[in-house]
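Heavy-atom basis, side chains included; hydrogens, waters and symmetry copies ignored. Throughout, a chain's letter reflects where its sequence line sits, starting with A, and its residues are numbered from 1. What you are looking at is a predicted structure, and each value in this text was computed from that prediction instead of being measured.
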2 protein chains.
Amino acid sequence: MAERKTSDERRDEIVRATLRLVATKGFAGVTLRDVAAEVGVVHGLIRHYFASRDDLVAAAFDDAVTRELASDRAQLEGLEPLAALAGWLSATPEHHYRVWIDAWSEAPRTPALATALDRHHRDCERILIDLIERVVDAGIATSADPAADARMLTAVADGVAVQHHAMDIIGVDEADTIVLGAAEQRLGLAPGSLARAHPAPARGHWAAV
Amino acid sequence: MAERKTSDERRDEIVRATLRLVATKGFAGVTLRDVAAEVGVVHGLIRHYFASRDDLVAAAFDDAVTRELASDRAQLEGLEPLAALAGWLSATPEHHYRVWIDAWSEAPRTPALATALDRHHRDCERILIDLIERVVDAGIATSADPAADARMLTAVADGVAVQHHAMDIIGVDEADTIVLGAAEQRLGLAPGSLARAHPAPARGHWAAV
DNA sequence: ACTTTTATTGTCCAGTTGGATAACAGTGGC
DNA sequence: GCCACTGTTATCCAACTGGACAATAAAAGT
């Protein structure tokens, strides 16, 4: 009677449903029954795929970020160095950052989440380092220490995202202005050059969620 | 038989206990029974002071930040402009930022928390603006738009705090290096001047908790 | 001394939680 | 066609939750 899905399909379905719920209710607020209801199955089934609730949320975060970073990387490679840098630094959709902010808050209490978070943060730094090096190699910008610059600019982007998404103190335009302005100053770019290179609202992030 | 405390004393006790627990278990993870146990009373008593759990955590956050900002303001006034700026921007203790990061993640779901968070974030910006203006008035630094500079530097400090406290990717020294370095560049200060002006580890924040 | 107030307790409740477990039902190997 | 496998369901459970409530005892007012 019941349509039966393959293991991989179902697992993927559960992970995506979990992530959708985490974005609105937070890691701590998502229950197995929530996820089961979102998928349309019995809550016991979740346990068939994930050993514990902590495993589930950590896997959901891990899968989602892995997928997103791969998609972002591919998207950025097709752009000019300056446009790619601007695209990476500009504001990302709300549900994206809501999950990251929740992860920051939960990581100290959930080792599996902490591991995933640490790895993906370093991935993000790596991507930014590469972008900076591309701009420097193109002779447009200067950077004595791309790793240090990436670390600082990642901090700016995260802090601005908090002001924008968590507190709604600034809008998306001001968020971009601050982050891109900081990058221009830090990398010796002409003021406004990054803002102008900013590609069309490539809000492709997490489109697959 | 039982020693009976005044309303204000008890309320304060509850608020501080709540905050201590929030720092380790997060806003969503603190239960009325946890708080009651920490204070050493029955959980019903908490309800006598706070109408609901949400009221409790919002009041705890609000009270704590109000107290801390007042203490910080007093402490900063006694310092030279440069030292005050460095002191404000340098890393703050873990339990302090753990609460803020949790507040960022919970605010979108808890209106009372969102209100308190919004107000206190603006307070923090205001403090930094004043500090910047003091340094500018002293002829040490330049700032075309203190408000914009404060907003950007607050973002850096928050983002660095995440990397330091939530992810443990950087240590306290590197955290200070990044934030103070960013401020030096932004405000046209000589490189290293803020780091040198950095007062002795004035880790007085939240000492009263 | 008495009454009023209120800080504090102990207990109850209905709802929700994560997890365990046994039965059931498609699916693929042989 | 049979069987092992595993995706799936339906319950059960002990623990915990926020909140409600009446009873108690200490303080304050008079």
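Here the C1' atom of nucleotide D:dG7 and the CD atom of A:Glu13 are 13 Å apart, to the nearest Å. Remark: P of D:dA20 and CZ of B:Arg33 are 13 Å apart, rounded to the nearest angstrom. Between the CG atom of A:Asp55 and the P atom of C:dG19 there is a distance of 9 Å, given to the nearest Å.
A salt bridge does not link A:Asp102 to A:Arg98: none of the charged side-chain nitrogens sits closer than 4.0 Å to a carboxylate oxygen. Using a 4.0 Å cut-off between a side-chain N of Lys or Arg and a carboxylate O of Asp or Glu, B:Arg119 and B:Asp123 do not qualify as a salt bridge. Salt-bridge formation is not detected for the pair A:Glu125/A:Arg122: no Lys NZ or Arg NE/NH1/NH2 atom is positioned less than 4.0 Å from an Asp or Glu carboxylate oxygen. Using a cut-off of 4.0 Å between Lys/Arg side-chain N and Asp/Glu carboxylate O, B:Asp130 and B:Arg126 are scored as salt-bridged.
A donor and an acceptor atom never sit less than 3.5 Å apart when one is taken from the side chain of B:Arg53 and the other from the base of D:dG19.
At the heavy-atom level, A:Val30 lies under 4.0 Å from the strands shown only through sugar-phosphate atoms. Among the atoms of the strands shown, only primed sugar atoms or phosphate atoms (P, OP1, OP2) are found under 4.0 Å from some heavy atom of B:Ser7.
Heavy-atom neighbours of A:Glu38 CD from other residues, nucleotides or ligands within 6.0 Å: above the threshold of 12. Few gaps surround CD on B:Glu174; more than 12 heavy atoms of other groups in view lie less than 6.0 Å from it.
Near DNA chain C, meaning a heavy atom under 4.0 Å away, the residues from residues 41-52 of chain A are A:His43, A:Arg47, A:Ser52.
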